[in-house]
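First listed ligand is number 1; within each ligand, the first listed atom is number 1. Everything numeric here is computed off the predicted structure, so don't read it as measured data. Every heavy atom of this structure was used, including side-chain atoms; hydrogens, water molecules and symmetry mates were not.
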Amino acid sequence: MLTNRPRTKILVDGGDPNETLRIKNLIGFVDGQTTNPSLIAKNPEIQRLIASGHKLSSREEKEEYQKIVQSISPLVGDAGVSIEVFADLSTRAEEMLAQGQEMFSWIPNAYVKYPCTHEGLRAAQMSVEKSIRVNMTLCFSQKQAAAVYAATKGSKESVYVSPFVGRLDDRGEDGMELVRNIKEMYKHSDGHVHVLAASIRNVNHLLCAFALSSELATVPGKVLEDWAAIGFPMPDRDFRYRGVDTSGNLLKVIPYEKLDLNLPWESFDLAHELTTKGIKKFVADYQSTLKRSA
Ligand code: G3P
């Protein structure tokens with residue numbers, strides 16, 4: 001069990017309550033959980049239903065999602081359980097908000113996940129006005145993180161922004177640099193947005209998230225098991241992260257941008273190819289659970 005608890009809160013990135021329990025027993029605690037449509041599609045119970053030929057309507061899928069987060073909710077600490085709205089590229093903010101309001105009522109410790117798009121930001125702005133906690137997902141640029149800050153200013157609750165490290169690495173850019181840059185940009189902010197390092201693929205990413213003092217990190221069960229297997233090392237003062245791809249080649253540095261957090265959120269360019277791609281993937285994974293059985 002982990003004795004030296006890191007300052008970075010540890011969330012399980014998954015969609016299976018049994019896995020969360022297993023990790024909790026392994027580490028001794030779990031601060032929170034993040035879910036998304038792809039992870040929910042992989043939930044063993046949903047997979048079993050599909051394999052047995054059971055047809056899931058979108059309503060049943062939502063009920064399953066609710067059951068899953070209700071099982072996870074009491075297992076985790078104060079970082080809560082993030083639940084993602086079902087949104088495609090044309091979903092309007094009002095529709096996301098309606099889903100978010102419902103999802104927020106499922107459990108007492110919910111965070112509603114919206115994408116870092118114009119409509120997602122609009123939904124987030126309306127949500128924080130209603131004291132709905134939000135986690136802004138599919139963040140791939142510092143400009144998106146600046147917009148998250150500006151759109152949710154005044155929120156009484158902490159807001160999460162989730163930079164996706166591994167997916168930037170996948171295309172040769174050093175995803176940990178994005179976490180570093182957002183942390184740097186928020187240094188002189190009011191502190192209402194917390195950085196949640198996401199799309200963590202290995203122990204080295206996790207240690208770097210600790211070293212950068214990311215407030216939170218969401219980590220697949222497998223990576224947490226790998227970390228446990230080597231005795232829960234922590235980065236020391238000499239820790240140096242080297243962003244390399246799977247062949248050991250150095251990843252491209254993402255340069256820091258000087259951005260003014262006091263500008264209106266709509267003034268930031270929110271477009272990012274990986275955000276669009278990520279939404280399409282979530283939609284496809286969600287629909288595959290319906291299609292295969294329809
Ligand atoms: O937390 C975000 C995560 O679920 C995405 O991870 O590995 O699909 O990029 P990945």
Asks: With nothing but distance in play, are any N or O atoms of Asp13 less than 3.5 Å from an N or O of ligand 1?
Replies: yes

Asks: Heavy-atom contacts with Ala198 under 4.0 Å: which atoms of ligand 1 show up? List them by number with element.
Replies: 1 (O), 2 (C)

Asks: Below 3.5 Å, N or O to N or O, backbone or side chain included: is there any such pair between Arg201 and ligand 1?
Replies: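 It does: an N or O of Arg201 is found under 3.5 Å from an N or O of ligand 1.
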
Asks: Determine whether the side chains of Glu61 and Thr289 contain a donor N or O and an acceptor N or O closer than 3.5 Å.
Replies: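 Note: Glu61 and Thr289 side chains meet the donor-acceptor criterion.
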
Asks: What is the closest protein heavy atom to atom 2 (C) of ligand 1, and at what distance does it sit?
Replies: Phe164 CZ, 3.3 Å

Asks: For a quick check under 3.5 Å, do Asn135 and Ser162 share a side-chain donor-acceptor pair by atom type?
Replies: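 Looking only at side-chain atoms, Ser162 and Asn135 do form a donor-acceptor pair, the distance falling under 3.5 Å.
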
Asks: Among protein heavy atoms, which lies nearest atom 8 (O) of ligand 1, and at what distance?
Replies: Arg167 NH2, 2.9 Å

Asks: Answer side chain, backbone, both or neither: which part of Asn36 comes under 4.0 Å from ligand 1, heavy atoms only.
Replies: side chain

Asks: Can you name the closest pair of heavy atoms from Ala79 and Tyr160 and give their distance?
Replies: O-OH, 3.0 Å

Asks: Considering distance alone, does some N or O of Ser199 sit under 3.5 Å from an N or O of ligand 1?
Replies: yes

Asks: Any cation-pi pair here, Arg133 with Phe104, using under 6.0 Å and within 45°?
Replies: no

Asks: For ligand 1, which atoms, with element, lie under 4.0 Å from some heavy atom of Thr218?
Replies: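 What qualifies from ligand 1 is 1 (O).
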
Asks: For the residue pair Tyr241 and Asn204, establish whether any side-chain heavy-atom pair is separated by less than 4.5 Å.
Replies: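 They are in contact (side-chain heavy atoms under 4.5 Å apart), so the answer is yes.
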
Asks: State whether Arg92 and Glu119 are salt-bridged, where the test is any N-O pair (Lys NZ or Arg NE/NH1/NH2 against Asp/Glu carboxylate O) under 4.0 Å.
Replies: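 Result for this pair is yes, salt bridge flagged.
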
